[in-house]
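Below, each value reflects all heavy atoms present in this structure, side chains not excepted, and no hydrogens, waters or symmetry copies. Below, read A as the first sequence line, B as the second, and so on, with proteins coming before strands; counting in each chain starts at 1.
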Amino acid sequence: MLFGVVIDFIRRGLLKEKYSVLWLALCVAVMVLAVKRSILDTIALKLGVSYPPSLLFLVAFLFILLILLHFSVVISILHEKNKILAQEITMLRHIVKQGRDAGTSSAPESLE
Amino acid sequence: MTQNTTPKILVIIPAFNEEETIASVITDVRTNVPEAVILVVNDGSRDSTAAIAESLGVVTLTHPYNLGFGATMQTGYKYARQFGFSVAVQVDGDGQHRADQIRRLIEPIIYGTAQITIGSRFLDGGDYKPSLARSAGMAIFSKVVSVILREKITDTTSGFRASGRDVIAYYCGHYPDDYPEVEALVLLHRKGFRIMEVPVKMSERGGGRSSITPTKSAFYMIKVLLAIFVDLLKK
């Protein structure tokens, strides 16, 4: 179900492919484990998990942690880029204003 | 060009809602360092800070929204680089830093003995007496930074500093976001810049309030120390 929603979001341009990879991976992993009981049971046995379905939740939980961490990284990068843009706008605004003022009177400080 | 004989000096005044003090800070700088260009970086103030600065005829840059202190200083340094200033001095907009001390800060940079100077309130019998909690915090920073730099730095949180061309260029690429003073020292040291402390006198704050309130102090300390240790792990 979630898989379908993610695909639909990408199709409608609400979600960039770049940010959907982890979601799709989560869907596939959980789906495979839920449908193929034998795989889940073998992994649970190997890891010493006594109740196999709880492994399903563990996998989903780890994926969600990974997605959250990924988002934090993305937000940090966006924050930095946003700051640089704002500083650039500040500077451009100043230069434009200075150019406008220079048209009416002599420039107060030379641009060189 | 006359740059070799007369250095181009830029005084950067970061300001966020400093309408009470900004005018006196500007006049103070203008009287004491008449040859310097004064730049007010207004970090999206909601009061008349920008209007006052503009009416006094100083260069005023206004952020479209509040970007924080680190970004405000960086905007100033970006301006300094763009317009080829050889020395940039940071003077707070709250009147704490005295303009008659600016020359002591810029001289070592002009003569090439240092690339960045820090105005220290503690050197040479400074009469600065911070509260107990604050002086404890400052002592810890001083210890940590002095160990890392293998050089005694007495006043690590001082924002009264002057930087030369290379430091200005470095700041344009790397400047810590919040409470940048302490962290910047460590970053500069790692890049091998020559740091020098200069004794200065400071005034009590003329108005406004410290960016560091008592409740935030502990959080501030942990954050800065963490940032320093992360910086040490980098590269």
At what distance, to the nearest 0.5 angstrom, does [atom1] of [X] lie from [atom2] of [Y]?
X	Y	atom1	atom2	value
B:L67	A:I84	CG	CD1	11.0 Å
B:E54	A:K97	CD	NZ	4.5 Å
B:H63	A:I89	NE2	CD1	10.5 Å
B:Y65	A:N82	OH	CG	3.5 Å

Quick check: closest heavy atoms across [X] and [Y], and the distance to 0.1 Å?
X	Y	answer
A:T90	B:T62	CG2-O, 3.4 Å
B:P64	A:A86	CD-O, 3.9 Å
B:K78	A:M91	C-CE, 3.6 Å

- Message: Run B:L61 and A:R93 through side-chain contact (heavy atoms from CB on, under 4.5 Å) and show every step you take.
- Response: CA-CA 8 Å; B:L61 297 180; A:R93 224 199 236 166; over 6 Å; no
- Message: Between A:Q87 and B:Q74 (side chain of the first, backbone of the second, donor and acceptor by atom type, cut-off under 3.5 Å), is there such a pair?
- Response: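 Pair absent, no side-chain N/O of A:Q87 close to backbone of B:Q74.
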- Task: For the residue pair A:K83 and B:D177, establish whether any side-chain heavy-atom pair is separated by less than 4.5 Å.
- Result: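 The answer is yes; the side chains approach within 4.5 Å.
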